[in-house]
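Worksheet: the structure to be examined is printed underneath.
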Amino acid sequence: MDKRVRVRFAPSPTGGLHLGGMRTVLYNYLFAKQHGGDFIVRIEDTDQSRYVPGAEEYIFECLKWSGLEPDESPLHGGEHGPYRQSERKEHYAEYAEQLVKDGHAYYAFDTPDELEKMRLDFRTEQNPSPQYDHSVRMKMRNSLSMDSHEAKRLLDDGVKYVIRIKMPQHETITFKDMIRGEVSFDTSVVDDKVLLKADGMPTYHLAVVVDDHLMKISHAFRGEEWLSSAPVHILLWKYLFGEDKMPQWAHLPLILGPNGKLSKRDGAKFGFPVFAMNWRDPKTKELTEGFKEKGFLPQAFINFLALLGWNDGTEQEIFSKEELIGKFSIERVHSGGAKFDYEKAKWFNHEWIRQSSVASLQSAVGSLFNDKGITGIENAMLEKVITLVKDRCTLLTDFYDHSYFFFEAPDKWDVDAVKPKWTGDKRNFFIAYTDKLSATGNWQLANLEETFKRLAEEMNIKPGELQLPLRIMLVGGKFGPPVFNIAEILGKHETINRIKKALAVF
RNA sequence: GGCCCGUUCGUCUAAGGGCUAGGACACCACCCUUUCACGGUGGUGAUACGAGUUCGAAUCUCGUACGGGCUACCA
């Protein structure tokens, strides 16, 4: 099938790619893959004042980590490249001029100050934010309000200008949205949007239409925040390339934070990530934590993102990327916004950790320990530890909290938990137990436990009262997996050492 | 203010005219567990409101309320 979808992003510090943007990317990706189409990414860097160097590379790292790599490298071009709008500058002016020639657009010479004055002058209680539209355009300085000689003179003199679309009056624009069905707008309430800026760069409105045409985009999925400017884009299609050539639109619902639209700030405020990976703003040096660094598996990230506003109609919740490609359908995307629930996201991650094989977790967990300064762990040991604690970990980082004691002997113990019931008999028990352990050639879970219980019985102590002290000797506190499992993994030498060391303190 | 979009348990959602509105997260209780968790079983909990159409409405229509988006030479 000849499907071609594109996603866009602006390399700006705040407009990066947070949850909402990533989900848009994901849906585009799933749709493209499902139909055997192309998935391309376009860099919308036409706003030079907000351009942040390095943001492109960062975002491709995010896409790579999530497993959503585009078919053609957006950084190096491709069949319909370049995919960086700043490198396609010359295309846009040509189309803008075309629109002027056809009477669908005009030159406007108003300075920023004049625009501000207009907004102030026309401001009323009923209309707090006046627009540059059919009602005021004849009162402004543009090629519609002045005679053609004057306009030509200004142009020849090199006076800065923008090109604005001339929105028709009282026309109803209706289009079909794949999620919402028919949506219509009255053109007289839409302003004369700037198409080409004074610096020669296009605005999003012009660029999206021109690029979608040139890049032969068949489906355009974007966030709901674009819905209200859709009539401009549809008109542009009509004027430039024909409405029948227009891609099919889908406006995805917004992802909401705890209070309203999800923002980058919400992350810091409520303690959850909003970006796929750590992002440090080069200007402010402010760090925004990512899902990756927080300990999420990419599979879980994709999974919860996909389910935030979509489901396949069954009660299934855990989907692999391949299953999502098979089952996704844009028509089943919810039209209402979805509030992001971090607790549920963590649940997805927990499920994915449980399902993951030990082998697939090994390198991530290994490097986690490395980062914490614990090095030189043997693979066999790591494997055993992961197997034992995997089910209790919600985040990858939990592996540290649930198993660091395998690699670091405790140097302080929760003595308060032992002391009240500590007796000389118990001390003697542990001395006897270490002797037995030293002598044994069978370091198996069953044997360790059996020896322990038999000895306790012989010495007439309840084994239950001895297990907690043993645990505290081995790990330092009241936590961790079953105590004999710990001893088994720790090994003979280490177990005996830890008991002896603790005995000296108790 | 104007325009557009939306509204089912606290949260994500299922049910697109017809059984006691189903599931998941979270929460609570019990069980398992001589640690802490995991897990298991069960429970609390929703169709925003008001009209209309219909034998019958969460579902279709209208109005109201509430929420969100847009209203830049930003995307």
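Labels below follow one simple rule: chain letters A, B, ... track the order of the sequence lines, proteins then strands, and each chain is numbered from 1. The model shown is predicted, which means the values in this text are computed figures rather than measured ones.
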Rounded [atom1] spacing from [N] to [M] in Å:
N      : M      : atom1 : value
A51(B) : C27(B) : C1'   : 37 Å
G16(B) : C74(B) : C1'   : 39 Å
G56(B) : G18(B) : C1'   : 7 Å
A58(B) : U47(B) : P     : 11 Å
A21(B) : A15(B) : C1'   : 7 Å
C32(B) : G40(B) : P     : 16 Å
U64(B) : U71(B) : C1'   : 25 Å
A37(B) : A75(B) : C1'   : 46 Å

A quick test of your reading: do over 12 heavy atoms of other residues, nucleotides or ligands sit less than 6.0 Å from CD of E457(A)?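 No, the 6.0 Å shell around CD holds no more than 12 heavy atoms from other groups.
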Give a yes or no on this: more than 12 heavy atoms of other residues, nucleotides or ligands lie within 6.0 Å of atom NZ of K346(A). yes
Residue from R332(A), H334(A), E317(A) passing side-chain hydrogen bond (donor to acceptor under 3.5 Å, both in side chains) with N311(A):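 Single side-chain hydrogen bond (donor to acceptor under 3.5 Å, both in side chains) partner of N311(A) among R332(A), H334(A), E317(A): R332(A).
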What is the nucleic acid contact for [X], judged by heavy atoms within less than 4.0 Å: base, sugar-phosphate only, or nothing?
X       : result
G480(A) : base
G477(A) : nothing
P481(A) : base
H350(A) : sugar-phosphate
R332(A) : sugar-phosphate

Could you please name the partner base of [N], counting Watson-Crick and G-U wobble pairs only when both distances are under 3.5 Å?
N      : value
A14(B) : none
G67(B) : C5(B)
U61(B) : A51(B)
G43(B) : C27(B)

Do F270(A) and F340(A) have side chains that approach each other closer than 4.5 Å (heavy atoms only, starting at C-beta)? no
Using a cut-off of 4.0 Å between protein heavy atoms and nucleotide atoms, how would you tag nucleotides 21-27 of chain B 5' to 3' with B, S and -? -SSBB--
B/S/- along nucleotides 61-74 of chain B (protein heavy atoms under 4.0 Å) is -------SSSBSBB
Option from F348(A), F272(A), F304(A) for which ring pair (Phe, Tyr, Trp, His ring centres under 6.0 Å) with F291(A) holds: F304(A)
Does C31(B) sit syn or anti, given that only angles within 90° of 0 count as syn?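 C31(B): anti glycosidic orientation.
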What is the distance from NZ of K339(A) to P of U8(B), rounded to the nearest Å? 11 Å
Distance check needed: U35(B) P versus D401(A) CG, whole Å only.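 Distance check: D401(A) CG to U35(B) P gives 21 Å.
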Should the pair H205(A) and W226(A) be assigned to parallel (<30°), tilted (30 to 60°) or perpendicular (>60°) ring geometry?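 The arrangement is perpendicular - the two ring planes meet at more than 60°.
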Would you please classify the geometry between the F275(A) ring and the H18(A) ring as parallel, tilted or perpendicular, with 30° and 60° separating the classes? perpendicular
Below 4.0 Å: OP1/OP2 of U7(B) and any side-chain N or O of H334(A):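 Answer is no, no contact under 4.0 Å.
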Short side-chain N/O contact to G2(B) OP1/OP2 from N127(A), under 4.0 Å: no
Test log, rule side-chain contact (heavy atoms from CB on, under 4.5 Å), inputs V418(A) and V415(A): CA-CA 5 Å; V418(A) 183; V415(A) 272; 5.5 Å; no
With D192(A) as reference, evaluate R137(A), R164(A), K166(A) under the salt bridge (charged side-chain N to carboxylate O under 4.0 Å, His left out) test and give the passing residue.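 The option that passes is R137(A).
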From C-beta outward on A338(A), which listed nucleotide comes closest to its side chain: G6(B), C38(B), U13(B)?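 Among G6(B), C38(B), U13(B), the one nearest the side chain of A338(A) is U13(B).
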Between T314(A) and R471(A), which has a closest nucleotide on RNA chain B that is more 5'? T314(A)
5'-most contact on RNA chain B (nearest-nucleotide basis), P128(A) vs G464(A), goes to P128(A)
Going from CD1 on I255(A) to NZ on K339(A), what distance comes out if it is rounded to the nearest 0.5 angstrom?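 One gets 13.5 Å once the value is rounded to the nearest 0.5 Å.
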Pairs under 3.5 angstrom only: tabulate donor-acceptor contacts from the side chains of residues 116-125 of chain A to other protein residues two or more places apart or in another chain.
{"from": "K117(A)", "atom 1": "NZ", "to": "D121(A)", "atom 2": "OD2", "distance (Å)": "2.9"}
{"from": "R123(A)", "atom 1": "NE", "to": "P128(A)", "atom 2": "O", "distance (Å)": "3.3"}
{"from": "T124(A)", "atom 1": "OG1", "to": "Q126(A)", "atom 2": "N", "distance (Å)": "3.4"}
{"from": "T124(A)", "atom 1": "OG1", "to": "N127(A)", "atom 2": "N", "distance (Å)": "3.0"}

